[in-house]
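It should be emphasised that the depicted structure is a prediction, and the values quoted were computed from it without experimental measurement. Atoms within each ligand, like the ligands themselves, are counted from 1 in listed order.
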Amino acid sequence: MGADKPVIDTSVPHSARIWNYWLGGKDNYPVDRQVGDQMIGVFPDIVASARADRVFLGRAVRLLAGERGVDQFLDIGTGLPTVDNTHEVAQRANPASRIVYVDNDPLVLAHARALLTSAPEGETAYLDGDIHDPATILREASRTLDFSRPVGLTLLAIVQFILDDQEAYAAVRTLMEALPPGSYLVLSHGTNEINTQASNAAVDYWNEHGTPPMVLRTAAQIAPFFDGLEILDPGIVACSQWRPEANVFGDPVPVPHYCCVGLKP
Ligand SMILES: C[S@@+](CC[C@H](N)C(=O)[O-])C[C@H]1O[C@@H](n2cnc3c(N)ncnc32)[C@H](O)[C@@H]1O
């Protein structure tokens with residue numbers, strides 16, 4: 001999968017590096033920071049959205065690896081390594097957890113070693129793969145994951161880069177069909193149902209200056225990703241509002257980034 005020698009183009013802003021910038025990371029270039037800052041100007045919510053998405057990933061993986069006994073994860077659209085990567089959260093609950101990471105950004109590949117620091121009891125692997133080709137991802141991932149046992153599929157802020165609804169639903173369906181009952185889908189997705197005007201302006205700006213192009217979806221457009229699955233409470237909600245930790249400052253403010261977790265019965 002992918003090229004043998006990754007080519008990192010530092011002249012074109014890229015989603016993984018801009019996301020890393022918003023999360024407070026260091027793995028980004030001036031061109032990424034420039035577009036990242038301009039996006040913040042158009043859409044100040046973006047930093048809170050990116051951070052709420054990461055915190056949701058941690059809460060959902062903790063639930064699956066802890067209470068729900070899932071010890072295998074397929075994390076597509078991994079992003080650059082940051083604090084509390086999927087394997088760190090899962091292996092804190094169960095050191096024997098096995099995680100396959102998938103991304104198509106050469107810079108993520110260059111940093112993949114940081115994603116491969118598995119606990120000795122478990123295993124992590126990294127694939128240079130594309131969500132537009134889920135069959136190849138499944139074939140390669142099956143070297144590390146046992147698809148006869150439940151898997152947590154984590155798709156955080158990634159299917160928004162599949163512009164066509166039907167292609168996006170089909171990609172997720174192909175992935176979930178390969179997983180046995182007891183598997184989970186953990187998904188997050190940018191939306192324009194919260195702060196509509198600013199969200200639309202931000203995505204227009206992104207599609208003019210960022211890469212790859214993206215689309216925002218409503219809760220009604222996100223629901224079909226969960227067809228045939230049992231949706232866990234509280235359903236499709238802003239990432240900041242999915243089972244939030246108790247907070248002395250009151251209820252968390254909704255960010256324009258939805259999330260949801262579903263169980264394959
Ligand atoms: C917005 S970041 C999200 C990172 C991480 N999942 C998170 O939620 O913090 C999107 C990631 O998806 C990756 N990506 C975009 N298009 C992709 C594709 N077609 N196949 C695989 N990965 C892709 C980008 O390289 C980037 O790392």
Side-chain angles (χ1 to χ4, degrees), residues 1-3 6-9 12-25 27-29 32 35-36 39 43 46-61 73-89 99-112 114-115 126-138 140-141 152-164 167-168 170-172 174-175 185-191 202-203 206-207 210-216 239-240 242 255-260:
M1 289 174 126
V7 177
I8 296 167
D9 187 345
V12 178
H14 193 283
S15 70
R17 303 191 304 247
I18 297 174
W19 194 254
N20 172 268
Y21 175 54
W22 290 331
L23 289 175
D27 300 309
N28 44 72
Y29 295 97
D32 305 310
V35 171
M39 282 281 288
F43 192 47
I46 191 66
V47 173
S49 286
R51 294 179 181 185
D53 163 89
R54 284 308 292 189
V55 177
F56 160 69
L57 171 68
R59 287 200 296 267
V61 171
F73 291 86
L74 177 56
D75 182 310
I76 306 177
T78 300
L80 286 157
T82 171
V83 284
D84 271 355
N85 301 298
T86 301
H87 74 285
E88 290 159 333
V89 180
I99 291 88
V100 172
Y101 289 113
V102 184
D103 205 288
N104 71 342
D105 184 340
L107 191 66
V108 181
L109 175 60
H111 285 258
L115 297 170
Y126 179 82
L127 304 179
D128 175 14
D130 194 319
I131 196 164
H132 291 283
D133 181 10
T136 304
I137 290 176
L138 288 165
E140 302 270 330
L153 172 63
T154 53
L155 300 176
L156 281 291
I158 162 86
V159 291
Q160 59 207 36
F161 297 111
I162 306 180
L163 303 183
D164 180 78
E167 193 206 344
V172 175
T174 300
L175 292 163
L185 171 62
V186 177
L187 183 141
S188 78
H189 199 301
T191 187
V203 85
W206 173 266
N207 287 340
T211 181
M214 65 174 285
V215 66
L216 300 174
C239 288
S240 48
W242 194 90
V255 293
H257 197 85
Y258 279 141
C259 68
C260 188

inquiry  = If we ignore hydrogens and angles and just use 3.5 Å, is the side chain of Thr191 paired with the main-chain N or O of Leu216 as donor and acceptor?
reply    = no
task = Using the test salt bridge (charged side-chain N to carboxylate O under 4.0 Å, His left out), find all partners of Asp103 that sit at least two apart in sequence or belong to another chain.
result = none
query = Can you pull the residues with any heavy atom under 4.0 Å from ligand 1?
reply = His14, Ser15, Ala16, Trp19, Asp53, Arg54, Gly77, Thr78, Gly79, Asp103, Asn104, Asp105, Gly129, Asp130, Ile131, His132, Leu156, Ala157, Ile158, Phe161
request  = Indicate yes or no for a side-chain donor-acceptor contact from Tyr101 to the backbone of His87 under 3.5 Å, with no hydrogens or angles considered.
outcome  = yes
message = To the nearest 0.5 Å, what is the distance between CG on Leu74 and CG on Leu155?
response = 7.5 Å
note = Of all heavy-atom pairs linking Ser15 and Phe161, the shortest is CB-CZ, 3.8 Å
ask   = According to the interplanar angle, ranging from 0 to 90°, do the rings of Phe56 and Trp242 count as parallel (below 30°), tilted (30 to 60°) or perpendicular (above 60°)?
value = perpendicular
